[in-house]
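Contents: one structure, followed by commentary.
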Amino acid sequence: MIIKLPDGNEMIYESEKSLFEVANDISPSLKKRCIVAEVNGKIVDMNTIVSEDVSLRFITDSEPEALEVLRHSTAHLLAETVKKIYPHAHFGVGPTIEDGFYYDIDLGEDIISEHDLKNIEREMKKIASQNSKIVRGVLSKEEALSFFNDDPYKVELINELPVDEEISIYKQTHFTDLCRGPHLPGTKWIKHFKLLSVAGAYWRGNSDNIQLTRIYGTVFFKKEELDEHLHLIEERKKRDHRKLGKQLDLFMLSEYGPGFPFWLPNGMALRRELEGFWYDVHLKENYKLIQTPIMLNKDLWEVSGHWANYRESMYTSTIDDHEFAIKPMNCPGGMLVYKRDIHSYKDFPLKIGELGLVHRHEASGALAGLFRVRNFTQDDAHIFMTEDQIVQEIKELVRLFDYMYSVFNLDYYIELSTRPEDKYIGEISTWDKSEKALADALDEMGKEYKINPGDGAFYGPKLDFKLRDSMKRIWQCGTIQLDMNLPERFDLTYIDHNGEKKRPVMLHRALYGSIERFIGILIEHYAGAFPTWMAPIQVKVIPVNNDYHLNFSVKILNDLKAKGVRAEIDQRDEKLGYKIREAQTKKIPYQLVIGDKEVESKTVNYRRYGEQKQQVVSKNDFLRMILEEIKAKR
RNA sequence: GCUCCUAUAGUUUAAUGGUAAAACACAGCAAUGGUAAUGCUGAAAUUCAAGUUCGAUUCUCGGUAGGAGCACCA
């Protein structure tokens, strides 16, 4: 048989060989470094036997595929160790994830908490150091069922496999697990790992099922890589918006209002800047701006379908014996505004924007800083138009989103979410048409996107714009939702060119998504060091000595404030170094130090946040420079 | 909502079955010079409720809030 290698060389054998033997024939040192191998495009274990012509690539510990195998095998080692300490444990699934692995375990009455992880880690090291081989075995479905008959979760998984499926198992020391593989040749590779956290996780991701104990961990081939990763986790924690929000006095949360953020003066400055930018852009883009009430009669929510589909998340109250609900969305109010007038096709696309405060009763466990709150401001807009205008309008929107996100230097990716399995309103044919319109627009623009089946809103499919936070968690910010249902329910009409009444189509769209969440993302994105245009305090003026330099410092302060720059003066009787330190820890973009030289020559000595170098320019030049920077949104 | 963890001055941390230590911040006084912390003094806290106990901030239980996840996220 002939084995083709990636470099074009061929190995020729008379009889079957294991991949180890082949690697050894190339070089014994290669054999030592091989984790798995790719045979005819499929990744397999090193002790796989080849008996016919194949193309073969060895995968050593420096390649990404190997890391995944290491993580998977470490999950098995974790399971083996847990089984040893808790012999009655049953196992769910133990896959690799982006930064490591986890294993879901049913511990019965026992509880594992984070304090126990050290102990489990120690035991894992002990077991790994026995350097057990990891050996693949194959069972029929029937054999597998009897082999795992004590493991209810594995039985459930096996039962779902096809009857004639060849089922593989992996055995190491005293532990055998059902697994597709491939795995490391042996446990000796597992050295640099750490168990990170414990959490509950529903079996098969379904909240009707029992909750298993999930242990998260990570592992690398090299100690430096592990250390670097752990360091990265620490760094991410430092830019957590909850922590920075406190340090920089941006917002607060109170026990009296879980999930209802309070905006402090600094956060408010940031917020107003974002809202101002939003209003400016939308007026330029020919949007009309409105504001609809926070609270509206239940009858309205029945018409919109929210009462039937969204009631659990709505806050309600009674006014004069009538039931009212606080709006969880702005659209029904927007519908009423549309209906106030007769509309012509000539007005389309009609774009109506609203920064609307909505309230939603989110599950208590879902709340997370500004990322998941119970009241937030959506930068909403509803766009009314004819069906032929859909694709063009979506293209316009994607262009607008691109521009807005580029101002913040944010990367995003798009998901197309389609009709939910059961909670939806309207005809399936309408849904199909809507989904196609969204996809067509993206295709025409050459934008890549991922399809997210069943994740659409109950009233229509949507494009979601996803951004990543410092913990690498993904959050939805912008969204474009096609709605062919609400116009029906509210009996919206327009007059077409023949003078006939027609039904318009509608888009909901939000760009920031929620201003709260977007600010949370920005805090982490900039690590609290905001660009000048949106920094809560843009300039800190620091006189060297109040007796001699205060007058000129105040003059500078007043000039800055007169031009709308958010400037403050630090005239406390403190040492210069003290005041500078504070300006730096508060991450203020410009600190101005004013002493004799500056007073004499009418200059300012500025230092930009993040830089060491001091620059001297005339007061007026500084004013010009900073105004230009703010105007350019830098 | 579910699993696990946590709760001490405004903030970040320490300690204890006999009511608590510090740093920063704050206030008062003194000092006053060039790019990350001047000194002294002061005021300031055990999340709430129940239980065990002679005595609970500490142990147990419950509530509330926060965290890590899961589920949810129109």
Side-chain angles (χ1 to χ4, degrees), chain A residues 102 104 107 111-117 196-216 237 240 242-243 246-247 249 252-259 304-306 309-314 328-331 358 360-369 371-374 378 417 420 423-425 455-460 462 464 471 473 475-476 479 481 483 485-486 508 510 513-514 517 542-549 572-586 591-598 605-607 611-614:
Chain A
Y102 67 78
D104 284 348
L107 291 161
I111 290 167
I112 287 183
S113 76
E114 274 168 41
H115 309 293
D116 301 314
L117 296 182
L196 297 170
S197 63
V198 184
Y202 297 108
W203 167 238
R204 316 207 83 176
N206 183 340
S207 58
D208 295 333
N209 291 342
I210 185 175
Q211 208 165 39
L212 306 175
T213 301
R214 174 173 297 180
I215 299 179
Y216 284 94
K237 280 191 194 146
D240 188 311
R242 290 166 294 197
K243 194 174 167 138
K246 217 180 260 180
Q247 269 168 25
D249 306 307
M252 61 173 254
L253 289 158
S254 160
E255 217 171 306
Y256 290 106
S304 69
H306 287 84
N309 288 281
Y310 202 65
R311 180 152 159 50
E312 327 78 72
S313 302
M314 289 161 72
M329 295 185 210
N330 299 305
C331 30
V358 298
R360 302 178 181 184
H361 183 114
E362 299 287 348
S364 58
L367 302 178
F371 286 155
R372 197 77 182 274
V373 289
R374 284 179 171 158
Q378 273 190 318
S417 295
K423 260 203 171 182
Y424 66 91
I425 50 184
D455 210 35
F458 71 83
Y459 50 72
K462 54 179 187 165
D464 287 331
M471 303 300 281
R473 290 177 294 206
W475 296 95
Q476 182 190 313
T479 180
Q481 309 183 349
D483 190 337
N485 294 299
L486 274 189
H508 310 244
S514 122
R517 176 179 290 179
I542 304 175
V544 172
N545 182 306
N546 283 343
D547 290 340
Y548 306 107
H549 312 128
R572 292 174 302 178
D573 278 332
E574 290 292 348
K575 287 184 66 172
L576 185 62
Y578 178 90
K579 296 197 255 190
I580 284 167
R581 177 172 192 275
E582 185 169 285
Q584 292 295 316
T585 54
K586 295 290 181 188
Q591 66 173 42
L592 268 40
V593 174
I594 307 301
D596 284 344
K597 281 175 273 177
E598 289 74 25
N605 180 327
Y606 74 84
R607 175 173 150 193
E611 291 175 10
Q612 284 304 317
K613 106 182 145 210
Q614 301 162 38

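The figures that follow rest on heavy atoms only: side chains count, while hydrogens, waters and symmetry mates do not. Order of the sequence lines sets the chain letters (A, B, ...), proteins ahead of strands, with each chain counted from 1.
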Task: Proximal nucleotide (of B/U35, B/C73, B/G33) relative to the A/Y548 side chain - done: B/G33
Task: Donor/acceptor link under 3.5 angstrom from A/Y202 side chain onto base of B/G69 - done: no
Task: Side-chain donor/acceptor contact of A/Q591 with base of B/U35 under 3.5 Å - done: yes
- [ ] Scan A/D208 against the nucleic acid and name what it touches under 4.0 Å (heavy atoms): base, sugar-phosphate only, or nothing.
- [x] nothing
TODO: Assign A/R204 to base, sugar-phosphate, or nothing according to its heavy-atom contacts below 4.0 angstrom with the strands shown.
DONE: nothing
TODO: May I ask you to verify whether the side chain of A/E598 and the base of B/G34 hold a donor-acceptor pair under 3.5 Å?
DONE: yes
Open item on the list: What contact category does A/T213 fall into here, base, sugar-phosphate, or nothing, at under 4.0 angstrom with non-hydrogen atoms?
Closed with: nothing
Task: Which nucleotide in B/U6, B/G34, B/C72 has an atom nearest any side-chain atom of A/H115 - done: B/U6
- [ ] Confirm from the modelled atom types if A/D596 and B/G34 form a donor-acceptor pair under 3.5 Å, side chain to base only.
- [x] no
TODO: Identify whether any heavy atom of A/I111 sits under 4.0 Å from a base atom; if not, whether one sits that close to sugar-phosphate; answer base, sugar-phosphate or nothing.
DONE: sugar-phosphate
Task: Closest to side chain of A/S364, choosing from B/C70, B/G1, B/U32 - done: B/G1
Open item on the list: Would the distance check show the side chain of A/N485 and the main-chain N or O of A/Y459 forming a donor-acceptor pair, the cut-off being under 3.5 Å?
Closed with: yes
- [ ] Check whether any side-chain N or O of A/K586 sits under 3.5 Å from a backbone N or O of A/Q247 as a donor-acceptor pair, and report yes or no.
- [x] yes
TODO: Ignoring the backbone of A/E255, work out which of B/U12, B/G69, B/A65 is nearest its side chain.
DONE: B/A65
- [ ] When you get a sec, tell me which of B/U38, B/A71, B/C2 is the closest nucleotide to the side chain of A/Q211?
- [x] B/C2
- [ ] Report the nucleotide, chosen from B/A36, B/A68, B/A31, that has the shortest atom-to-atom distance to any side-chain atom of A/D573.
- [x] B/A31
Open item on the list: Using only modelled atom types and a 3.5 angstrom limit, is any donor from either the side chain of A/N605 or the base of B/U35 paired with an acceptor on the other?
Closed with: yes
TODO: Assess whether one donor atom and one acceptor atom, taken from the side chain of A/R517 and the base of B/C73, lie less than 3.5 Å apart.
DONE: no
Open item on the list: Using only atom types and a distance under 3.5 Å, with no angle test, would you say the side chain of A/R360 pairs donor to acceptor with the backbone of A/M329?
Closed with: no
- [ ] Using atom types as modelled and distance alone, determine if a side-chain donor or acceptor of A/E598 lies under 3.5 Å from a backbone N or O of A/G595.
- [x] yes
